[in-house]
Each structure stands twice: as structure tokens, then as C-alpha cells.
*Asks:* 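First the structure, then my questions, so here it is.
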Amino acid sequence: MNVRRFSTWVEPLDRAANAYLVQVDDLSFLVDGGVQGPPEYALRAPYALVTHWHWDHVLGLARAKYRGLICASHRAIDYLSGATPRFEGSAAVMRAFGEAPQELRPLLELSLARVNEVIGYIKGEGRVAPVEECEPVQTGVVKAVSCPGHSDDHLCYIVGDHAFVGDLVNPDAGLSVLDLEDYIASLLGLLSYGSWSIAHPGHGRDVDRGYVAKWAAESISGKLRRVVKLASMLSVEWRPLASYLDALYPSENPFVRWIGARSLLGYALTLEKMGLAELNTEGQPWTI
């Protein structure tokens with residue numbers, strides 16, 4: 001088995017996004033597409049397995065006009081085809097926060113433009129199929145594992161002793177979550193698979209199983225602290241969700257606040273799922 005990583009970066013990302021070319025005997029396939037697309041020889045791979053629908057993992061396929069078959073979860077295919085997710089992505093953040101803070105607006109609008117670029121490619125010339133119908137999974141070379149939490153469509157791919165983990169693991173950094181309960185379950189589920197020893201993330205360097213376990217414990221701890229803090233601040237009166245952003249993410253860095261806004265929405269949804277809060281999404285901004 002041979003794995004090659006390609007990393008590309010564009011604003012507003014704060015670090016490069018990875019795409020991988022995997023060769024197992026006579027079968028080759030991509031995992032994710034990055035933001036600028038892998039080199040031409042990698043694009044000849046007949047399959048591209050997508051971990052999740054976020055634009056920084058599929059924009060490279062759109063910009064390179066990838067001609068192979070894009071394989072993803074059913075929910076990811078819906079989103080890539082233009083279905084509007086209720087809580088996913090920058091559009092949901094803009095609905096949740098109503099008049100988004102000034103420093104977040106350019107990031108949100110740029111992200112929406114990138115999503116629309118991908119959707120235009122899928123509707124025009126992109127070919128997509130459920131991952132279970134694609135040869136790498138059908139033949140058992142790849143095991144597709146549902147890993148929701150960061151996004152509700154997220155898959156990880158296990159290939160021998162390699163795990164392609166998308167944004168479930170983000171070495172040397174944090175990440176946003178849509179559902180903390182699902183996220184914890186996905187991390188524990190990934191670590192319960194005994195066959196892999198090295199993880200290939202959607203951003204950053206390759207890491208071993210021991211690092212993933214340590215990083216997962218620290219990540220879960222930090223997110224639990226924030227969701228507990230949010231729960232302790234809730235009022236009996238309806239308040240805009242945005243009013244909690246400064247308390248949980250007191251940063252002047254626009255990108256940090258953008259990630260914070262996505263996580264804040266996820267924490268609110270987690271508390272609602274647990275029956276500890278109620279989120280009103282009828283108007284804008286959303287209130288809790």
C-alpha cells in the first residue's frame with residue numbers, strides 16, 4: 001500500500017487542507033480533494049472518497065474538474081447536490097447569528113461562495129455515488145465508518161493499518177463540532193478499531209494511534225468545559241445565541257471567532273438534544 005499526501009491552502013483557512021492518493025495493488029483512489037486539487041496524475045484515480053461535504057475537502061475536485069466517481073455518504077451527496085442543511089455550514093451560522101458580527105461576514109460570505117462553486121460543479125459535470133456502491137468499499141479494500149460530530153455526514157476510511165480521519169482529528173489544533181455527543185462517540189468508535197496505527201487527517205500532519213488518543217482526550221475535555229460554561233450561563237429568558245459568543249470565545253481573531261460561532265451553535269444543539277435547553281430557530285437571530 002502506498003499513500004501520497006497533497007496539501008493546499010486558500011483563505012480563509014488558517015492551515016492547508018489535505019488530499020490523499022492511495023494505491024492498493026492495482027486499485028487507486030483519492031481521499032478528499034483539498035482546496036486547489038491534487039496534481040494531474042493523481043486526478044486519474046477513478047474514485048474520490050469524500051470524508052464530508054465541507055468545501056475545504058471537496059473544492060479541489062471541483063476546481064480540477066475531476067472526472068472520476070465521487071463517493072460519499074448519502075447525506076453528503078444531498079448537501080453537495082444543493083440540499084440546504086438546517087444546522088450545517090456557514091449558511092446555518094448566518095441564520096443562527098442573524099446580523100453576524102462584522103468581522104465574521106467576509107469569512108461567511110466567502111465560505112458560502114465556495115460551497116456554491118462545489119454545488120455548481122456537482123450539478124454540472126460531477127459524478128457522485130453512495131460510498132457503499134464504489135469499488136474500494138464494495139471489494140472490502142476500504143471500510144467506511146460513520147463518524148458524525150464535526151458534521152452530520154462525516155465518514156472515516158480504514159485501509160489496512162491506515163485511518164483517513166477527515167476532520168474527526170485535527171493535529172496540533174482544535175475544531176468545531178456540530179454535536180458533542182456524536183463527536184465523542186465517533187472518537188471512541190475510531191479508537192475501538194484495532195487494525196489501524198497511523199491516522200491521516202484532513203488538515204495537518206500524519207499522527208499515530210497514541211497521539212490520537214491523547215489529542216482526543218484533550219479535545220473532549222476542552223469542549224466539555226465550554227458546553228458546561230454555556231449551560232451555566234443560560235437564562236430563563238430568551239437570549240440571542242450570539243450574546244454568548246464573547247464569553248466563550250473572547251478573541252479578536254476573526255477566524256477563531258468564526259470557528260467559535262460554529263462550535264457555539266453545536267453546543268446549543270447538544271444541550272437541546274440532552275433536554276437541558278431550548279433553541280428557537282424560527283426567526284433570526286436564533287435564541288436560546
*Asks:* To the nearest 0.5 Å, what is the distance between CE (Met1) and CG (Asp25)?
*Replies:*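 Rounded to the nearest 0.5 Å, the CE-CG separation comes to 10.5 Å.
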*Asks:* Do the side chain of Asp246 and the main chain of Pro250 share a donor and acceptor less than 3.5 angstrom apart?
*Replies:* no
*Asks:* Which value, rounded to the nearest 0.5 Å, describes the distance between Phe97 atom CZ and Trp258 atom CH2?
*Replies:* 13.0 Å
*Asks:* Do the non-hydrogen side-chain atoms of Cys147 and Tyr183 ever get within less than 4.5 Å of each other?
*Replies:* no
*Asks:* Any chance you could lay out the side chain to side chain contact (heavy atoms under 4.5 Å, CB included) test for Leu234 and Ile288, step after step, and finish with the verdict?
*Replies:* CA-CA 8 Å; Leu234 293 178; Ile288 188 171; 3.9 Å; yes
*Asks:* Would you verify whether the NZ or CZ of Arg15 falls within 45 degrees of the ring axis of Trp9 while also being under 6.0 Å from that six-membered ring's centre?
*Replies:* no
*Asks:* Is a side-chain N or O of Lys273 found less than 3.5 angstrom from the main chain of Leu180, in a donor-acceptor match?
*Replies:* no
*Asks:* Considering all heavy atoms of both residues, which atom of Ala199 and which atom of Pro201 are nearest to each other, and what is their separation?
*Replies:* O-CD, 3.5 Å
*Asks:* When you check the side-chain N and O atoms of Asp32 and His52, is any donor under 3.5 Å from an acceptor?
*Replies:*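 Absent: no donor and acceptor within the cut-off.
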*Asks:* When rounded to the nearest 0.5 angstrom, what distance separates CZ in Phe6 from CD in Gln36?
*Replies:*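 Output value for this atom pair is 14.5 Å.
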*Asks:* Below 4.5 Å, heavy atoms only, C-beta onward: do His162 and Tyr157 meet side chain to side chain?
*Replies:*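 A side-chain contact under 4.5 Å is absent here.
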*Asks:* With rounding to the nearest 0.5 angstrom, report the SG to CG distance, Cys156 to Asp167.
*Replies:* 9.5 Å
*Asks:* Check Val159 against Val24 and note the closest heavy-atom contact, atom names and distance.
*Replies:*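 Answer, listing the atom of Val159 first, then Val24: CG1-CG2, 4.0 Å.
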*Asks:* Does a side-chain heavy-atom distance below 4.5 Å link Leu175 with Lys223?
*Replies:*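 Side chain of Leu175 against side chain of Lys223, heavy atoms only: contact under 4.5 Å found.
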*Asks:* For Glu88, does its backbone N or O pair with a side-chain atom of Arg262 as donor and acceptor, under 3.5 Å?
*Replies:*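 Absent.
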*Asks:* Run the side-chain hydrogen bond (donor to acceptor under 3.5 Å, both in side chains) test on Ser251 and Asn253 for me, step by step, so that the C-alpha distance in whole Å, both residues' side-chain angles and the decisive distance to 0.1 Å come before the verdict.
*Replies:* CA-CA 5 Å; Ser251 173; Asn253 183 313; 5.5 Å; no
*Asks:* Please answer whether the main-chain N or O of Ile77 pairs with a side-chain N or O of Ser81 as donor and acceptor at a distance below 3.5 Å.
*Replies:*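 Confirmed, Ser81 side chain pairs with Ile77 backbone.
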*Asks:* Decide yes or no on side chain to side chain contact (heavy atoms under 4.5 Å, CB included) for Leu155 and Val131, but give the supporting numbers first.
*Replies:* CA-CA 10 Å; Leu155 295 175; Val131 70; 3.8 Å; yes
*Asks:* Are Ile220 and Leu271 co-members of a hydrophobic cluster defined by side-chain heavy atoms under 4.5 Å apart?
*Replies:*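 Cluster IDs for Leu271 and Ile220 match.
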*Asks:* Hey, are the side chains of Leu61 and Val50 touching, using non-hydrogen atoms and a 4.5 Å cut-off?
*Replies:* yes
*Asks:* Any sub-3.5 Å donor-acceptor pair from Trp196's side-chain atoms to Asp208's backbone N or O?
*Replies:*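 A pair under 3.5 Å: no.
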*Asks:* Applying the side chain to side chain contact (heavy atoms under 4.5 Å, CB included) test to Trp55, which of Leu80, Asn116, Val10 qualifies?
*Replies:* Val10
*Asks:* Less than 4.5 Å apart, any side-chain heavy atom of Val3 and any of His200?
*Replies:* yes
*Asks:* Checking the side chain of Thr139 only, and the main-chain atoms of Glu135 only, is there a donor and an acceptor separated by less than 3.5 Å?
*Replies:*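 A pair under 3.5 Å: yes.
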*Asks:* Find out whether the Lys NZ or Arg CZ of Arg239 is both under 6.0 angstrom from the six-membered ring centre of Tyr244 and within 45° of the ring's axis.
*Replies:* yes
*Asks:* Output, in order, the C-alpha distance, side-chain angles, deciding distance and verdict of side chain to side chain contact (heavy atoms under 4.5 Å, CB included) for Leu69 and Val128.
*Replies:* CA-CA 6 Å; Leu69 185 62; Val128 296; 5.8 Å; no
*Asks:* Restricting to non-hydrogen atoms, name the atom on Glu132 and the atom on Gln138 that form the minimum distance, rounded to 0.1 Å.
*Replies:* O-CG, 3.2 Å
*Asks:* Using a strict threshold of under 4.0 Å (side-chain N to carboxylate O), is an ion pair present between Lys214 and Glu218?
*Replies:*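 Judged by the 4.0 Å cut-off on N to carboxylate O distance, Glu218 and Lys214 do form a salt bridge.
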*Asks:* Would you say the side-chain atoms of Ser263 pair up with the backbone N or O of Gly260, donor to acceptor, closer than 3.5 Å?
*Replies:*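 Judged by distance alone, no pair lies under 3.5 Å.
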*Asks:* Could you state the interatomic distance from CD (Gln284) to CE (Met94), rounded to the nearest 0.5 Å?
*Replies:* 9.0 Å
*Asks:* Taking side chain as C-beta onward, heavy atoms only, is Ile158 less than 4.5 Å from Val142?
*Replies:* no
*Asks:* Give me the ring orientation class for Tyr249 and Tyr267: parallel if the planes are under 30° apart, tilted from 30 to 60°, perpendicular past 60°.
*Replies:*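 Taking Tyr267 first and then Tyr249, their aromatic rings lie parallel (interplane angle under 30°).
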*Asks:* I'd like to check Leu168 versus Leu190 (side-chain heavy atoms, cut-off strictly below 4.5 Å). Are they in contact?
*Replies:* yes
*Asks:* Determine whether Leu49 and Phe164 satisfy the following criterion, side chain to side chain contact (heavy atoms under 4.5 Å, CB included), listing intermediate values before the conclusion.
*Replies:* CA-CA 10 Å; Leu49 279 57; Phe164 297 87; over 6 Å; no
*Asks:* Would Arg205 and Tyr211 count as a cation-pi pair here, with the cationic atom under 6.0 angstrom from the ring centre and within 45° of the axis?
*Replies:*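 Yes.
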*Asks:* I'd like to know whether Trp286 forms a ring pair (Phe, Tyr, Trp, His ring centres under 6.0 Å) with Phe87, so could you lay out the CA-CA distance, the side-chain angles of the two residues, the decisive distance to 0.1 Å, and finally the verdict.
*Replies:* CA-CA 11 Å; Trp286 293 356; Phe87 299 120; 5.8 Å; yes
*Asks:* Identify the two heavy atoms, one from Arg4 and one from Tyr41, that lie closest to each other, and give their separation to 0.1 Å.
*Replies:*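 Scanning both residues completely, I find the closest heavy atoms to be NH1-OH, 2.8 Å.
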*Asks:* Same cluster or not: Val31 versus Val145, using hydrophobic residues (I, L, V, M, F, W, Y) connected whenever any side-chain heavy atoms lie under 4.5 Å apart?
*Replies:* no
*Asks:* To check you understand the geometry: which heavy-atom pair defines the closest contact between Tyr20 and Asn18, and what is its length?
*Replies:* OH-ND2, 3.2 Å
*Asks:* Over all heavy atoms of both residues, which pair between Trp238 and Glu278 is shortest? Give the atoms and the distance, please.
*Replies:* CZ3-O, 3.3 Å
*Asks:* For His203 and Asn170, what are the C-alpha separation, side-chain angles and deciding distance, and is it a side-chain hydrogen bond (donor to acceptor under 3.5 Å, both in side chains)?
*Replies:* CA-CA 6 Å; His203 305 273; Asn170 196 21; 5.5 Å; no
*Asks:* Assigning hydrophobic clusters by single linkage (Ile, Leu, Val, Met, Phe, Trp, Tyr; side-chain heavy-atom cutoff under 4.5 Å), is Val137 placed with Ile70?
*Replies:*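 In one cluster with Val137: Ile70, no.
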*Asks:* Tell me whether Arg257 is salt-bridged to Glu252, with the criterion being a basic N under 4.0 Å from an acidic carboxylate O.
*Replies:* no
*Asks:* Whether the side chain of Trp215 engages the backbone of Gly210 through a donor-acceptor N/O pair (distance < 3.5 Å, no angle test) should be reported.
*Replies:*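 Side chain of Trp215 to backbone of Gly210, a donor-acceptor pair under 3.5 Å: no, none is there.
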*Asks:* If we only count heavy atoms from C-beta on, is the Leu230 to Ser232 side-chain gap below 4.5 Å?
*Replies:* no
*Asks:* Determine, using the 4.5 Å side-chain heavy-atom cutoff (strictly less than), whether Leu248 and Leu224 are members of one ILVMFWY cluster.
*Replies:* yes
*Asks:* Find out if a path of hydrophobic residues (ILVMFWY) with successive side-chain heavy-atom gaps under 4.5 Å connects Leu264 to Ile184.
*Replies:* yes
*Asks:* For a side chain to side chain contact (heavy atoms under 4.5 Å, CB included) with Thr287, tell me which candidate from Asn280, Thr281, Leu241, Leu279 qualifies.
*Replies:* Asn280
*Asks:* Could you give the distance from CG (Leu107) to CG (Leu13), rounded to the nearest 0.5 Å?
*Replies:* 10.0 Å
*Asks:* Is the Trp53 ring parallel, tilted or perpendicular to the Tyr79 ring (thresholds 30°, 60°)?
*Replies:*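 Trp53 and Tyr79: tilted rings.
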*Asks:* Within the side chain of Ser90, is there an N or O that forms a donor-acceptor pair under 3.5 Å with the backbone of Ser111?
*Replies:* no
*Asks:* Quick check against the 3.5 Å criterion: does His150 have a side-chain atom that pairs as donor or acceptor with the backbone of Ser176?
*Replies:* yes
